[in-house]
**Q** 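Pasting in a structure now, in structure tokens, and then I'll have a few things to ask.
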Amino acid sequence: MGRMVKCPYCEEKVDKDESHEYKKRYYHPGCFRTWQRDGEDYKTLMAYISSLYRVDYPSMIIKKQIKDYKDEGYKYKGMELALRYFYETLDNRVQENTGVGIIPYVYEDAKKHYMKIKRINESYKNYSDEEITVYIKSDKQRRKPKQIDISNI
């Protein structure tokens, strides 16, 4: 067992020999992948907001809102999907000089929407496009209905 160091992502101790080194910092392998994915998700969120509001880079107000939402437990990818759901799926107009304050109100609805789409896509993967021919044998021994003599009635 080697020297114990502190993972900067989860702030728990990790063995230096079993850790992932990046810029003289030591991460758990899982924490490093999560940290990298968070960075990529943040970049895509900023790029989407920039294209949405037609600016080079989001304003400080928007950055502050995103930071606050992240501290509240929202994820960057979830915030991006919430905005996509609100503006693209629900077809709402983008208003100039506004922030991203709609995120907490549509986050859960967007989450349900995208989970539903994911379930549909997964269920579709189980089916094949192969044609199946089914043959049905006709039942030749059908019962004959009783014949009623109308003259006796």
Side-chain angles (χ1 to χ4, degrees), residues 1-139 142:
M1 186 169 192
R3 191 175 125 214
M4 298 298 282
V5 292
K6 187 175 174 182
C7 173
Y9 188 77
C10 67
E11 298 183 357
E12 292 182 11
K13 298 226 181 239
V14 61
D15 187 5
K16 187 175 181 178
D17 297 333
E18 296 173 3
S19 64
H20 184 86
E21 182 181 0
Y22 180 75
K23 293 187 178 180
K24 296 188 180 188
R25 300 189 89 183
Y26 299 92
Y27 296 83
H28 290 103
C31 291
F32 182 73
R33 285 189 296 275
T34 305
W35 177 75
Q36 268 189 325
R37 188 176 52 235
D38 277 351
E40 291 168 8
D41 290 344
Y42 181 77
K43 288 177 186 175
T44 57
L45 174 63
M46 290 297 145
Y48 179 69
I49 291 171
S50 297
S51 67
L52 192 64
Y53 290 103
R54 294 183 185 105
V55 293
D56 292 334
Y57 204 72
S59 67
M60 292 306 289
I61 294 169
I62 293 175
K63 285 180 164 183
K64 172 80 167 91
Q65 286 177 320
I66 289 172
K67 182 186 178 300
D68 290 343
Y69 296 147
K70 180 67 176 170
D71 293 342
E72 290 176 18
Y74 295 104
K75 297 185 183 207
Y76 294 129
K77 190 65 176 179
M79 287 186 255
E80 177 191 349
L81 291 175
L83 290 172
R84 286 186 187 277
Y85 173 74
F86 184 72
Y87 289 114
E88 294 174 10
T89 305
L90 298 180
D91 202 28
N92 289 303
R93 291 184 322 132
V94 179
Q95 297 177 356
E96 297 297 322
N97 299 324
T98 59
V100 289
I102 194 67
I103 289 175
Y105 300 102
V106 297
Y107 193 86
E108 288 301 319
D109 292 338
K111 184 177 178 181
K112 288 176 188 174
H113 173 74
Y114 286 109
M115 291 299 285
K116 187 177 182 180
I117 289 174
K118 183 178 178 183
R119 280 195 310 268
I120 290 169
N121 287 337
E122 286 175 359
S123 68
Y124 180 72
K125 288 179 186 176
N126 295 335
Y127 296 107
S128 65
D129 293 336
E130 178 181 317
E131 272 190 37
I132 299 173
T133 307
V134 178
Y135 296 102
I136 301 173
K137 293 181 180 179
S138 65
D139 189 14
R142 293 186 184 185

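Along the sequence shown, residues carry numbers from 1. What's counted below: heavy atoms across the whole structure, side chains too, no hydrogens, waters or symmetry copies. Note that the structure is a prediction, hence the values are computed from the model and not measured.
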**Q** Spell out, as yes or no, whether a donor-acceptor pair under 3.5 Å connects the side chain of N92 to the backbone of F86.
**A** yes
**Q** Which distance, rounded to the nearest 0.5 Å, do you find between the SG of C7 and the NZ of K13?
**A** 12.0 Å
**Q** Test side chain to side chain contact (heavy atoms under 4.5 Å, CB included) on M4 and D15; report intermediate values, then the result.
**A** CA-CA 5 Å; M4 298 298 282; D15 187 5; 4.2 Å; yes
**Q** Quick one: CG on L45 to CG on L52, what's the gap to the nearest 0.5 Å?
**A** 10.5 Å
**Q** Decide yes or no for L83 and I102: does some side-chain heavy atom of the first lie under 4.5 Å from some side-chain heavy atom of the second?
**A** yes
**Q** Search all heavy atoms of I66 against all heavy atoms of M79 and return the closest pair with its distance.
**A** O-CE, 3.9 Å
**Q** Going through the distances and angles, do E40 and K43 end up as a salt bridge (Lys or Arg N to Asp or Glu O under 4.0 Å)?
**A** CA-CA 5 Å; E40 291 168 8; K43 288 177 186 175; over 6 Å; no
**Q** For the residue pair Y85 and Y114, categorise the inter-ring angle as parallel (less than 30°), tilted (30 to 60°) or perpendicular (more than 60°).
**A** perpendicular
**Q** Taking the side chain as everything from C-beta on, heavy atoms only, tell me whether Y42 gets closer than 4.5 Å to K70.
**A** no
**Q** Which pair of non-hydrogen atoms, one from V100 and one from Q65, has the smallest distance, and what is that distance?
**A** N-OE1, 2.7 Å
**Q** Looking only at heavy atoms, which two atoms of P58 and K63 are closest? And how far apart?
**A** O-CE, 4.3 Å
**Q** Answer yes or no: does atom CD1 of I61 have more than 12 heavy-atom neighbours from other residues, nucleotides or ligands under 6.0 Å?
**A** no
**Q** Quick one: pull up CE in M46 and OH in Y76 and give me the separation to the nearest 0.5 Å.
**A** 7.5 Å
**Q** Of all the heavy-atom pairs spanning I62 and G99, show the shortest one and how long it is.
**A** CG1-CA, 4.0 Å
**Q** Just how far is it from atom CZ of F32 to atom OH of Y22, taken to the nearest 0.5 Å?
**A** 6.0 Å
**Q** Looking only at heavy atoms, which two atoms of K75 and Y107 are closest? And how far apart?
**A** N-OH, 3.4 Å
**Q** If a pair satisfies ring-ring contact (aromatic ring centres under 6.0 Å, His included) and one of its residues is in residues 47-72, list it, with sequence neighbours excluded.
**A** Y69-Y74
**Q** Where do E11 and K6 come nearest, in terms of heavy atoms and distance?
**A** CB-CE, 3.7 Å
**Q** Evaluate the salt bridge (Lys or Arg N to Asp or Glu O under 4.0 Å) criterion for residues E108 and K112: first the C-alpha distance (whole Å), next the side-chain angles of each, then the deciding distance (0.1 Å), finally the verdict.
**A** CA-CA 6 Å; E108 288 301 319; K112 288 176 188 174; over 6 Å; no
**Q** Atom CE of M115 and atom CG of L81: how far apart are they, to the nearest 0.5 Å?
**A** 11.5 Å
**Q** When you check the gap from the basic side-chain N to the acidic O, do R119 and E122 get nearer than 4.0 Å?
**A** no
